[in-house]
Visitor: 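So that we are looking at the same thing, I have put the structure below in structure tokens.
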Amino acid sequence: MLRTHTCGELTLRNLGQTVTLCGWLQRSRDLGGMTFIDLRDRYGITQLAFNMETNPDLCMFARKLSREFVLQIRGTVTERSSKNTKIPTGEIEIVAENITILNEAKTPPFTIEDNTDGGDDLRMKYRYLDLRRNEVRKNLELRHKVSIEIRNYLNKLGFIEIETPFLIKSTPEGARDFIVPSRMNQGEFYALPQSPQQYKQLLMVSGFDRYFQIVRCFRDEDLRADRQPEFTQIDCEMSFITQEDILQTFEGMTKHLFINVMGLELETFPRISYTDAMKYYGSDKPDIRFEMKFVELNSLLKGKGFGVFDNAELVAGINASGCAEYTRKQLDELTDFVKRPQIGANGLVYIKYTTEDEFKSSVDKFYSQDDLKKVAEAFNAKVGDLILIMAGAEEKTQKALCELRLEMGNRLNLRNNSVFSPLWVIDFPLFEWDEETKRFYAKHHPFTSPKPEDIPLLETEAQKVFANAYDLVINGVEIGGGSIRIYDRQLQNRMFKMLGFSEQEAQNQFGFLLDAFEYGAPPHGGIAFGFDRLCAVLGGVDSIRDFIAFPKNNSGRDVMSGSPSCISKEQLEELGINITIEN
RNA sequence: GGUCCGGUAGUUCAGUUGGUUAGAAUACAUGCCUGUCACGCAUGGGGUCGCGAGUUCGAGUCUCGUCCGGACCGCCA
């Protein structure tokens, strides 16, 4: 070992000991007669002291060292005459007797500090330097802790972790696959898994009744702050269980993580149906850290001569409590916000509850004070409240109102990242109709089982069929989702038929799974959690990038290594691949 | 595929109506300083204003194109 201690552990208890430390030079302060150096490793910072009177040669040497040099120093733990209460080692310093430069370093392109001066792009290019920073290191430490606690919890319950292949068969359903060419089978391709879905179901057929895997998954779709082309799932599956068992088990896991990683005890998770989530929050992943539920106003506001409302499929609003004081400018800002192309609302109507029995609204021409009062009552509004109303086609209005609700939540500081509000969203519809291709798609995936009572409606009223599917949402972020699967070959065939698969197509793509179902598949179901997202939510940030050691940028590039990149002609030839670039 | 924002010193940014030699902070270098801990003080070096074209007597500033980065919509079973 090149060191006897780390830079984070020495205190007054170690006074007088001769120690050897290794680390990076964080900063040096040259006072002329003496010089101080902060030595940093992942455990902390320890101050080194050099004195011109007692050891002039070493002091002169120390003055010449620059940031991020890798040093080994031997010295004596000494009490400081002026202490730093901000760090754990702040009461001591090392009076150095010997320094070895283990490696020199160029001046880094940005400062290795909590508040670095580096921009995102630069930090990604020099990610190995960025990872030296406390903030990013802490995120990865949190991630590690979460993964350990997941394994502890699931292991205790008898789950076993089994690895499944990364080079698998491509299937057209769902996200776009990442494709890997096969050299030995030219013209043929593997796909990287979007999730180990089919393999984990096969493991159930094999009798591993409690499986999990913390596993990388790949989706070739456009990125976001919370979406990477490769990301990590906590993938789980159980046999001989009901939906209730899954919810209990994984609510338990989530609580276990919060207690053991965050020191927070969570209440029982509320549950809401998909239908109600859409009705009250306009989203299947509502942020319930704050109320501000939608109130439907069709019966109160339609038919009074205001065309926009009269012709709307849905008129609904939210109560921004205490915002009646909003100025014209603030209301215009909100209107602009909902009119942005990404939201695309036509406008925003407000009602200010200014004083007892007095309302001011942007639609005073069409509604009496009495009409407005009834609206206020529908919201349980009080004096000082601001009611914001939108109207139009149902889905679009819900979506726009959802964005407005979240925006108001932000403005009113109701979305505190150290508060955690989990909930289960249950009873999803089984299908989703796609106008473009004129066909049904599986809302979850094609192996999701319909509610037993809805099975007779499969072929006749597919849009009314609900699924045994569920999502875990925390603070408006979809953390996990799963379903009870179909384990009956006949029902699976009916499902594929609804999704527009011929028997032959289904057999081609999923034949191995369908065949397996004929050899005694147990009733089973599961769930998968977005591990990166879970960590980001626990860490209280929106972007998952800082919880991934080496993430990709917005365009799917790794700006540090320069991937993706072209490959050589020889490589292409070996694979039997010709590149044609369209313009 | 689309919308919006950004690109100026190593870095983070400012740069007025198009007008003299493009600034600040920080980093870096040098010197001074014996209790600093974001040390302080002084001095200094550091610029293809992303790239290309255009308008103009004159472009960091205006126009078009392009590249790069970020946020979002579509997409993400």
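All chains are named by letter (A, B, ...) in the order of the sequence lines, taking the proteins before the strands, and each is independently numbered beginning at 1. The figures here come from the full heavy-atom set of this structure, side chains too, leaving out hydrogens, waters and symmetry mates. Owing to the predicted nature of the structure, the values given are computational and were not obtained by experimental measurement.
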Visitor: Given the structure, check if the side chain of Gln342(A) and the base of C73(B) hold any donor-acceptor pair shorter than 3.5 Å.
Guide: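 Between C73(B) and Gln342(A), which were checked side chain against base, a qualifying N/O pair under 3.5 Å is absent.
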
Visitor: Which nucleotide, C76(B), A27(B), G35(B), lies nearest any side-chain atom of Arg80(A)?
Guide: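 Nearest to the side-chain atoms of Arg80(A), counting from C-beta on, is G35(B).
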
Visitor: Find the distance Ile94(A):CD1 to G35(B):P and express it as a whole number of Å.
Guide: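 From Ile94(A) CD1 to G35(B) P: 21 Å.
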
Visitor: Would you kindly say whether Asp546(A) and Asn139(A) are connected by a side-chain donor-acceptor distance under 3.5 Å?
Guide: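 No, Asn139(A) and Asp546(A) have no side-chain donor paired with an acceptor closer than 3.5 Å.
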
Visitor: NA contact type, Pro109(A), heavy-atom cut-off 4.0 Å: base, sugar-phosphate, or nothing?
Guide: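 Sugar-phosphate contact only.
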
Visitor: Nearest to the Leu31(A) side chain among G70(B), U36(B), A29(B), which nucleotide is it?
Guide: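 Closest of the options to the side chain of Leu31(A): U36(B).
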
Visitor: Taking the side chain of Arg545(A) as heavy atoms from C-beta outward, which of G70(B), U11(B), A27(B) is closest to it?
Guide: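 Selected nucleotide: G70(B).
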
Visitor: Between G19(B) and U63(B), how far is it from one P atom to the other, in whole Å?
Guide: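 Result for the P pair: 15 Å, nearest Å.
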
Visitor: For A71(B) and Arg227(A) - does any side-chain N or O of the residue sit under 4.0 Å from the phosphate oxygens OP1/OP2?
Guide: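 For A71(B), OP1/OP2 do not have a side-chain N/O of Arg227(A) under 4.0 Å.
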
Visitor: Given C39(B), is OP1 or OP2 found less than 4.0 Å from the side-chain N or O atoms of Arg27(A)?
Guide: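 The answer is yes; a side-chain N or O of Arg27(A) sits under 4.0 Å from OP1 or OP2.
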
Visitor: The side chain of Ser82(A) is closest to which nucleotide in this list: C73(B), C28(B), C37(B)?
Guide: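 So the nucleotide nearest the side chain must be C37(B).
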
Visitor: Nearest whole angstrom, please: distance from the P of C37(B) to the CZ of Phe50(A).
Guide: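 My rounded result for the distance is 18 Å.
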
Visitor: Which part of the nucleic acid, if any, lies within contact of Phe110(A), taking any heavy atom under 4.0 Å across all strands shown: a base, the sugar-phosphate backbone alone, or nothing?
Guide: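 No contact.
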
Visitor: Is the ring pair Phe447(A)/Phe510(A) parallel, tilted or perpendicular, if the boundaries are 30 and 60 degrees?
Guide: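 Perpendicular, since the angle between the ring planes exceeds 60°.
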
Visitor: Select base, sugar-phosphate, or nothing to describe what Asp220(A) touches, counting heavy atoms under 4.0 Å on all strands.
Guide: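 If one applies the 4.0 Å heavy-atom cut-off, Asp220(A) turns out to touch nothing in the nucleic acid.
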
Visitor: Using a 4.0 Å heavy-atom cut-off across all strands, classify Lys83(A) as base, sugar-phosphate, or nothing.
Guide: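 Base, at least one base heavy atom under 4.0 Å.
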
Visitor: Does Glu93(A) reach a base, just sugar-phosphate, or nothing at all? Heavy atoms under 4.0 Å.
Guide: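 Glu93(A): base contact, heavy atoms under 4.0 Å.
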
Visitor: Touch check for Ala49(A), heavy atoms < 4.0 angstrom, all strands: base, sugar-phosphate only, or nothing?
Guide: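 Nothing, no heavy atom under 4.0 Å.
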
Visitor: Identify which one of Ile479(A), Ile234(A), Ile544(A), Val215(A) satisfies the side-chain contact (heavy atoms from CB on, under 4.5 Å) criterion when paired with Phe531(A).
Guide: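 The option that passes is Ile234(A).
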
Visitor: Given atom CD of Glu113(A) and atom P of G10(B), what is their separation to the nearest angstrom?
Guide: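 In whole Å, G10(B) P lies 20 Å from Glu113(A) CD.
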
Visitor: Could you give the distance separating G46(B) and U11(B) at their C1' atoms, to the nearest angstrom?
Guide: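 That atom pair is separated by 12 Å.
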
Visitor: Taking the C1' atom in each of U21(B) and G58(B), what is the distance between them to the nearest angstrom?
Guide: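 It comes out at 16 Å once rounded to the nearest Å.
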
Visitor: Over all strands shown, is Arg224(A) touching base, sugar-phosphate only, or nothing at heavy-atom distances under 4.0 angstrom?
Guide: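 Base contact.
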
Visitor: Using atom C1' in both nucleotides, what's the gap between U17(B) and U61(B) to the nearest angstrom?
Guide: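 Straight-line distance between the two C1' atoms is 10 Å.
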
Visitor: Can a salt bridge be assigned to the pair Arg67(A) and Asp38(A) using a cut-off of 4.0 Å between side-chain N and carboxylate O?
Guide: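 Looking at Asp38(A) together with Arg67(A), the answer is no, because their closest N to O distance does not fall below 4.0 Å.
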
Visitor: Please check this pair: side chain of Asn51(A) against backbone of Met34(A), looking for a donor-acceptor N/O pair closer than 3.5 Å.
Guide: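 No; judged by distance alone, with no hydrogens or angles, the pair does not exist.
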
Visitor: Just the rounded figure in Å: distance from P of U34(B) to CZ of Arg63(A).
Guide: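 So the two atoms are 9 Å apart, to the nearest Å.
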
Visitor: Tell me: CD of Gln47(A) to C1' of C39(B), nearest whole Å?
Guide: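 Distance, rounded to whole Å: 11 Å.
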
Visitor: Does Arg123(A) reach a base, just sugar-phosphate, or nothing at all? Heavy atoms under 4.0 Å.
Guide: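 No contact at all - Arg123(A) keeps every heavy atom at 4.0 Å or more from the nucleic acid.
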
Visitor: Please check the phosphate of G74(B) (OP1 and OP2 only) for any side-chain N or O of Lys399(A) closer than 4.0 Å.
Guide: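 Result: yes.
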
Visitor: Any donor-acceptor pair, under 3.5 Å, between the side chain of Asp222(A) and the base of G74(B), if you only look at N and O atoms?
Guide: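 Such a pair exists between side chain and base.
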
Visitor: Checking side-chain hydrogen bond (donor to acceptor under 3.5 Å, both in side chains) against Asp235(A), which of Gln213(A), Gln197(A), Lys200(A) comes through?
Guide: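 For Asp235(A), the side-chain hydrogen bond (donor to acceptor under 3.5 Å, both in side chains) test succeeds with only one of Gln213(A), Gln197(A), Lys200(A), which is Lys200(A).
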
Visitor: Please report the distance separating the P of C13(B) from the corresponding atom of A9(B), rounded so that it comes out in whole Å.
Guide: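 Their P atoms lie roughly 11 Å apart.
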
Visitor: So does Arg29(A) reach the base of C33(B) with its side chain, donor to acceptor, closer than 3.5 Å?
Guide: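 Side chain to base: no pair present.
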
Visitor: Rounded to whole angstroms, how far apart are CG on Asp117(A) and P on U11(B)?
Guide: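 From Asp117(A) CG to U11(B) P: 9 Å.
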
Visitor: Quick check on U36(B): is either OP1 or OP2 less than 4.0 Å from any side-chain nitrogen or oxygen of Thr35(A)?
Guide: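 Result: no.
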
Visitor: Mapping Ala442(A) and Gly33(A) to their closest nucleotides on RNA chain B, which lands nearer the 5' end?
Guide: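 Of the two residues, Gly33(A) wins.
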
Visitor: Find out whether the Lys NZ or Arg CZ of Arg439(A) is both under 6.0 angstrom from the six-membered ring centre of Tyr441(A) and within 45° of the ring's axis.
Guide: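 Yes; both conditions hold, so Arg439(A) lies above the ring face of Tyr441(A).
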
Visitor: For Tyr470(A) and Trp424(A), take the angle between the two ring planes, folded into 0 to 90°, and tell me which bin it lands in: parallel under 30, tilted 30 to 60, perpendicular over 60.
Guide: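 Correct class here is perpendicular.
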
Visitor: At under 4.0 Å between heavy atoms, what does Asn84(A) touch on the DNA or RNA strands: base, sugar-phosphate, or nothing?
Guide: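 Here Asn84(A) touches the bases of the nucleic acid.
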
Visitor: Reckon Lys86(A) has a side-chain N or O less than 4.0 Å from the OP1 or OP2 of A38(B)?
Guide: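 The answer is yes; a side-chain N or O of Lys86(A) sits under 4.0 Å from OP1 or OP2.
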
Visitor: At under 4.0 Å between heavy atoms, what does Glu53(A) touch on the DNA or RNA strands: base, sugar-phosphate, or nothing?
Guide: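 The residue Glu53(A) makes base contact.
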
Visitor: Taking the P atom of each, how far is C49(B) from G35(B), in whole Å?
Guide: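 Those two atoms are separated by 46 Å.
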
Visitor: Look at all strands and tell whether Ser195(A) reaches a base, only sugar-phosphate, or nothing, counting heavy atoms closer than 4.0 Å.
Guide: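 Answer is base: heavy atoms of Ser195(A) come under 4.0 Å of a base.
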
Visitor: Report which part of the nucleic acid Gly119(A) touches: base, sugar-phosphate, or nothing (heavy-atom distance under 4.0 Å, all strands).
Guide: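 Sugar-phosphate, backbone atoms only, no base.
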
Visitor: Pick base, sugar-phosphate or nothing for Ile87(A), based on heavy-atom distances below 4.0 Å to the nucleic acid.
Guide: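 Nothing: the residue Ile87(A), judged by heavy atoms under 4.0 Å, touches no strand.
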
Visitor: Considering heavy-atom distances to RNA chain B, does Asn554(A) or Asn51(A) have its closest nucleotide positioned more toward the 5' end?
Guide: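 Going by which nucleotide is closer to the 5' end, it is Asn51(A).
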
Visitor: Report which part of the nucleic acid Met52(A) touches: base, sugar-phosphate, or nothing (heavy-atom distance under 4.0 Å, all strands).
Guide: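 If one applies the 4.0 Å heavy-atom cut-off, Met52(A) turns out to touch nothing in the nucleic acid.
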
